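Worth saying up front: this structure is predicted, and the values here are computed from it rather than measured. Just so you know, these numbers use all the heavy atoms, side chains as well, and skip hydrogens, waters and symmetry mates. Every chain is numbered from 1, with letters handed out A, B, ... down the list of sequences.
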Amino acid sequence: MAELPKAYEPKEVEKKFTRKWKESGIYKARVVPGKQPYVIVVPPPNITGSLHMGHALNWTLQDVLIRTQRMLGKEAFWVPGTDHGGIATQNVLEKKLAKEQHVTRHDLGREKFLEIMWQWYKDCGNMILTQVEKMGWALDISPENVRFTMDEKRAAAVYECFKQWWDKKYIYRGKRMINWCVRCNTALSDIEVEHSEQKGKLYHIRYAGADGGKGIVIATTRPETIFADAAVAVNPKDDNYKNLAGQKVKIPLTDRIIPIIEDEDVELGFGTGALKITPAHDPVDYVIGQRHNLEAISVISDKGKMINCPAKYLGMDRDTCRKETVKDLDAAGFLVKEETHDNAVGVCYRCGSAIEPYLSEQWFVKMEELCAPVIKAAEEEELKFYPSRWKTPFLNWLKNIQDWCISRQIWWGHRIPVWYCTSCSKDGLTFTADKQGNKQITKISFEHGAKPLVSHDKPAKCPSCGGHDFVQDPDVLDTWFSSALWPISVFDWPEKTKELEYFYPTSTMVTGYEIIYLWVARMVMTGLDFTGKLPFKDVFLTSIVRDKTGKKMSKSLGNVIDPLDLTEKYGTDAVRFSLLTQAVLGKDIPYAEESVVGSRNFCNKIYNASRFILMNAGDIKGPLKMPAKPKELADAWILDRYNCALQTAKEQTLKFNMAAASNALYHFLWNDFCDWYIELAKQRFETDREYVVSLLVNILYGTLKALHPMMPFITEEIAGVLKPLTGSDKEFLLQDSYPLHDETRFNADAVKKMELIKGVISAARTVRSEFNVPPGLKLNISFKTEDAGELKIITEHADYIKLLCKIENFSAGKTAVKKPKSATAVFSNVTAYIELEGIIDIEKEKARLGKNIISAKANIDNRRARLSDERFIKNAPPEQIEKVKTELAAEELKLSSAQSALKDLA
RNA sequence: GCCCAGUUGGCGCAGCGGUAGCGCGUUCCCUUGACAUGGGAAAGGUCAGAGGUUCAAUCCCUCUACUGGGCACCA
């Protein structure tokens with residue numbers, strides 16, 4: 001042991017255990033009838049991704065829970081998998097193809113493109129999982145255990161869900177105003193649209209009367225859509241526009257005549273009070289349009305280009321067209337005014353482009369029936385959120401929900417399992433040739449007669465006409481559709497597997513709050529709908545890891561920290577621990593590299609404490625049992641502190657408060673165990689070595705066990721080294737035993753006594769330090785106290801004090817001989833006189849005592865005032881009054897000691 | 001606009017009815033055989049502001065001011 005390095009070196013240790021754990025399959029979970037399972041399904045990362053700090057935090061939290069529960073004796077199963085990631089993944093590959101091969105997916109065609117996507121999945125799809133090992137996460141990533149949202153079993157679940165919902169008429173196709181991303185070229189659901197506040201302009205535009213009159217001035221932020229106008233609307237209650245309804249105006253820059261109508265949805269007082277109605281490009285206008293039977297004219301294509309408009313603007317990009325239109329309106333005298341206007345613009349959550357409200361036929365899931373039981377579960381708190389404040393927004397969202405648009409016009413994803421007979425559905429189908437000349441279905445219109453056949457595979461025969469030629473719906477499902485099924489699909493639902501029966505419902509869902517609606521809500525919907533059971537009861541919403549200034553980490557800001565770089569530099573345990581100590585429930589983490597340094601130092605502290613204990617164990621033979629009884633005060637005290645730390649660590653972990661859990665262990669080990677107990681134990685190695693070592697080893701081992709879920713490598717490494725002393729040769733994870741605190745070992749009396757000794761020592765040390773007493777110099781100190789109890793404690797533990805204060809001559813009594821050149825220090829009812837012949841600086845000591853006198857006086861005044869307040873005496877609990885009295889006495893002692901010391905110096 | 005969080009020493013954060021703690025940083029002393037990735041000590045805060053409840057408020061209530069976040073069709 002002596003030749004071991006002085007500092008902990010994580011690299012080799014991590015390598016060793018990573019290999020060992022992989023080979024031993026230590027992370028595998030099995031169906032064990034009768035044993036209680038604990039299950040977390042991993043939020044499947046997109047296959048585009050590499051690991052970022054968010055994962056590092058999130059997955060470490062899951063890992064701590066899994067390991068803890070396993071050590072608590074449960075069959076803990078952490079289910080791994082990846083997500084195909086729909087639009088996000090397709091975007092990444094499209095960009096890659098454009099950059100490397102200068103081709104679009106349309107150049108390649110659907111089939112070829114999908115081939116490339118699948119190849120990507122095979123090559124890189126599990127990339128993120130290989131990073132799992134480096135983080136020490138207890139996840140069994142052997143290929144047969146890793147699920148993928150688009151593999152065969154998951155596809156079966158997706159089909160079953162679609163089929164059941166179709167049969168229940170939850171799934172339907174409808175023509176609606178949906179959110180369209182002109183860049184990704186697909187519909188999006190409402191929650192996939194993010195709103196960003198943008199400084200825009202409100203343009204006031206005059207629509208001249210059709211009869212040549214003055215007409216009306218409208219206000220709009222989107223002048224390029226005037227070509228799609230079907231009317232101008234005013235509020236019937238608007239006194240400025242009385243009796244205008246029925247009049248006609250002309251759209252500027254065109255010859256088109258539209259009516260003025262009245263509608264209550266027009267807000268009084270906004271803009272000019274007159275609203276142009278563009279049913280095809282605005283959700284509100286669409287509703288108004290339907291009410292008034294207005295035509296919906298599209299002037300912006302699915303690619304964001306102008307159509308159905310004056311020739312000049314045809315084919316123009318929507319943004320360019322806005323500028324041009326404004327210019328032309330101004331030139332022609334129609335532009336009345338421009339004012340700045342802040343506007344919340346909807347943008348695509350995947351690419352950030354402005355969302356276009358777009359009228360089209362899409363697939364939807366009806367939400368009403370699916371949401372009702374979710375609302376009930378959340379309201380009755382069968383489904384619980386940590387932190388709980390998410391309950392309200394969750395419920396609000398569910399209660400105001402719109403039907404879920406599930407069709408996406410991309411290629412990467414689960415294809416909608418709907419087929420059309422080319423002869424029966426002929427009128428509702430539109431085909432065009434793709435770039436390869438293959439006939440491709442481009443539009444399906446139920447309105448025009450497309451008849452759906454829901455089937456996983458191509459149907460053999462058309463049930464109505466007997467035809468054999470079918471085409472499949474070209475759209476794919478929202479990627480969240482398969483994610484929604486994750487807690488059941490990972491166990492191969494709809495098959496009735498024994499895993500499903502044993503491991504479902506899962507226990508805890510650990511995920512970021514940013515996907516509470518996108519994902520969490522929908523998992524609960526499917527779980528309740530298909531199994532009648534909540535997929536999980538606890539939702540632990542984790543924080544966002546930000547940069548040290550509190551900004552979100554992003555590639556564009558260049559403030560991204562790679563967790564793997566940090567593990568290289570400081571070791572995995574340090575990275576994990578630094579995240580955990582900051583993981584306060586409901587609080588984002590501003591992450592600075594300094595915090596890993598702190599945790600790295602902690603690893604080193606653990607390592608060196610262990611090294612020291614081992615060194616002093618010498619030839620003692622294990623296994624060493626935890627002594628049944630404390631022999632000395634310090635033993636009783638450290639056992640109390642140890643117990644307390646274990647209790648806190650466990651309780652807080654199970655309450656998802658990892659910061660409290662990890663900090664309890666950190667401070668116990670460093671401050672109590674190392675700074676005080678080991679220091680005091682040093683003097684007992686000569687006299688009582690075996691006993692002290694037994695206590696040290698067992699407390700250390702128990703602490704390592706409690707730390708293991710947080711720092712798996714270093715704890716296991718040291719446990720291995722301690723093996724001859726502990727006799728434990730099983731890995732912590734296989735021991736099924738979390739170190740339990742022991743009620744009999746709480747010892748308030750010992751804690752109180754030890755606090756006195758620590759306080760006295762600290763007071764004396766302060767004097768040493770303030771007068772720069774050379775470290776080698778041993779002092780003569782006399783302690784004086786009239787408190788018999790405290791005197792007894794001091795006297796009985798003179799050796800503690802002598803050791804830690806470096807005392808040559810120690811005396812304690814009710815009175816004490818104070819040498820003239822002494823400094824005075826007070827703690828509780830004990831006054832210490834520290835001889836400083838030749839060292840003491842009289843002026844300095846006077847100043848010090850003067851300061852003490854001032855503070856003591858202030859404290860005395862404060863306590864006296866309180867004690868003389870009869871309302872306080874009448875109302876405060878007796879123990880509180882006692883406390884203040886004790887404090888008063890202590891302050892009075894401090895004052896009188898300082899005063900008399902000052903007198904002696906004069 | 002509505003809702004929710006936050007505002008505590010230089011910085012980052014805990015705490016939460018009995019006048020404040022941690023980590024980092026700062027200053028001083030120390031290579032005392034586990035650890036300088038260390039030890040000992042010190043300085044530094046009227047707990048955002050104003051009211052209220054209470055014997056007592058950083059902690060509970062109300063309002064205000066900032067800072068984040070969620071939701072919302074205001075063109």
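Checking G23(B), C30(B), G18(B) against every side-chain atom of P775(A), the shortest atom distance belongs to C30(B). The side chain of N604(A) sits closest to C35(B) out of C35(B), G18(B), A34(B). Ranking A41(B), C55(B), A75(B) by closeness to the T220(A) side chain, first place goes to A75(B). Counting only heavy atoms from C-beta on, K806(A) has its side chain closest to U32(B) among U32(B), A34(B), G70(B). Residue K851(A) places its side chain closer to A43(B) than to any other of A75(B), A43(B), A41(B). Closest approach to the N608(A) side chain among A41(B), C35(B), G39(B) is made by C35(B) (side chain taken as heavy atoms from C-beta onward). Across C22(B), A42(B), A72(B), the shortest atom-to-atom separation from the side chain of T766(A) is found for A42(B). The nucleotide whose nearest atom lies closest to any side-chain atom of N343(A) is, among C28(B), A34(B), A75(B), A75(B). Here the nucleotide nearest the side chain of E594(A), chosen from C55(B), A14(B), C24(B), is C24(B). If you check C35(B), A34(B), G12(B) against the side chain of K6(A), the one that comes closest is C35(B).
Atom name C1', nucleotides U8(B) and A20(B): the rounded distance is 8 Å, in whole Å. A distance of about 8 Å separates the C1' atoms of C66(B) and A48(B), rounded to the whole Å. Nucleotides A14(B) and G6(B) are separated by 9 Å at their P atoms, to the nearest Å. On the C1' atoms, C60(B) is 26 Å away from G70(B), given to the nearest whole Å. Across the P atoms, U46(B) and C11(B) are found 13 Å apart, a figure rounded to whole Å. Comparing U27(B) with C13(B), their P atoms are spaced 24 Å from each other, to the whole Å. Taking the P atom of each, C24(B) and G38(B) are spaced 8 Å apart, rounded to whole Å. Nucleotides G12(B) and U67(B) have their C1' atoms positioned 16 Å apart, rounded to a whole Å.
Of the nucleotides present, G52(B) is the one that pairs with C60(B) by Watson-Crick or G-U wobble criteria, both distances under 3.5 Å. With a 3.5 Å ceiling on both atom-pair distances, A34(B) lacks any Watson-Crick or G-U wobble partner. Across every strand in view, C47(B) sits unpaired, with no contact that passes the Watson-Crick or G-U test at under 3.5 angstrom. Checking A65(B) for Watson-Crick or G-U wobble geometry (two distances, each under 3.5 Å) identifies U7(B) as its partner. Across all strands shown, A42(B) is found opposite U26(B) as a Watson-Crick or G-U wobble partner, with both distances under 3.5 Å.
D675(A) comes within 4.0 angstrom of the backbone, heavy atoms only, and of no base. Within the nucleic acid shown, H195(A) has no heavy atom closer than 4.0 Å to any nucleic acid atom. In this structure, Y570(A) reaches neither bases nor backbone, as no heavy-atom distance under 4.0 Å exists between it and the strands shown. Across all strands shown, A7(A) has heavy atoms under 4.0 Å from base atoms, whether or not it also approaches the sugar-phosphate. Contacts of V597(A) with the nucleic acid, taken as non-hydrogen atoms under 4.0 Å apart, are absent. Counting non-hydrogen atoms under 4.0 angstrom, R600(A) reaches a base of the nucleic acid. The residue C674(A) sits close to a base: some heavy atom pair falls under 4.0 Å. Heavy atoms of P283(A) sit nowhere under 4.0 angstrom from any nucleic acid atom. Residue contacts shown for P774(A) are absent, as no nucleic acid heavy atom lies under 4.0 Å away. Within the 4.0 angstrom heavy-atom criterion, base atoms lie near E679(A).
The base of A14(B) lies outside donor-acceptor range of the side chain of Q582(A), with no N or O pair under 3.5 Å. Residue side chain K605(A) reaches the base of C35(B) through a donor-acceptor N/O pair under 3.5 Å, judged by distance alone.
Protein atom CD of Q683(A) is 15 Å distant from nucleotide atom C1' of U32(B), rounded to whole Å. Rounded to whole Å, atom P of G18(B) lies 20 Å from atom NZ of K885(A). For the pair L804(A) CG and A41(B) P, the interatomic distance rounds to 10 Å; values are reported in whole Å. Nucleotide G39(B) holds its C1' atom 14 Å from the CG atom of N601(A), rounded to whole Å. In this structure, F673(A) atom CZ and C35(B) atom P are separated by 16 Å, rounded to whole Å. For the pair E224(A) CD and A75(B) P, the computed distance is 14 Å after rounding to whole Å. For the pair I216(A) CD1 and A75(B) P, the interatomic distance rounds to 18 Å; values are reported in whole Å. In this structure, Q652(A) atom CD and G15(B) atom C1' are separated by 12 Å, rounded to whole Å.
Not less than 6.0 angstrom separates the ring centroid of F385(A) from the ring centroid of W390(A). Proximity of the aromatic rings of F540(A) and Y386(A) is defined here by a centroid distance below 6.0 angstrom, and this criterion is not met. Less than 6.0 angstrom separates the ring centroid of F612(A) from the ring centroid of F685(A).
Both N396(A) and R863(A) sit near RNA chain B, but only N396(A) has its closest nucleotide nearer the 5' end. Heavy-atom distances to RNA chain B give each of N875(A) and N671(A) a nearest nucleotide, and the one nearer the 5′ end belongs to N671(A).
Note on E887(A) versus K885(A): no salt bridge recorded, every NZ/NE/NH1/NH2 to OD/OE distance being 4.0 Å or above. In this structure, K682(A) pairs ionically with E679(A), as a charged nitrogen and a carboxylate oxygen lie closer than 4.0 Å. By the 4.0 Å N-to-carboxylate-O rule, E379(A) lies close enough to K399(A) to be salt-bridged with it. Checked for salt-bridge contact, D282(A) and R222(A) miss the test: no charged N lies under 4.0 Å from a carboxylate O.
Side-chain contact between I260(A) and Y241(A): absent, with no pair of heavy atoms (C-beta onward) separated by less than 4.5 Å. At a threshold of 4.5 Å between non-hydrogen side-chain atoms, the residues Y517(A) and P393(A) count as touching.
No donor-acceptor pair under 3.5 Å is formed between the side chain of R611(A) and the backbone N or O of Y8(A).
Contact between the side-chain N/O atoms of K682(A) and the OP1/OP2 oxygens of A34(B) is found at a separation under 4.0 Å. An OP1 or OP2 oxygen of G39(B) is reached within less than 4.0 angstrom by a side-chain nitrogen or oxygen of W670(A). Contact between the side-chain N/O atoms of K587(A) and the OP1/OP2 oxygens of G12(B) is not found at any separation under 4.0 Å. For the OP1/OP2 pair of A41(B) and a distance below 4.0 Å, the side-chain nitrogens and oxygens of S762(A) include at least one atom meeting the criterion. Note on H341(A): a side-chain N or O is less than 4.0 Å away from OP1 or OP2 of A75(B).
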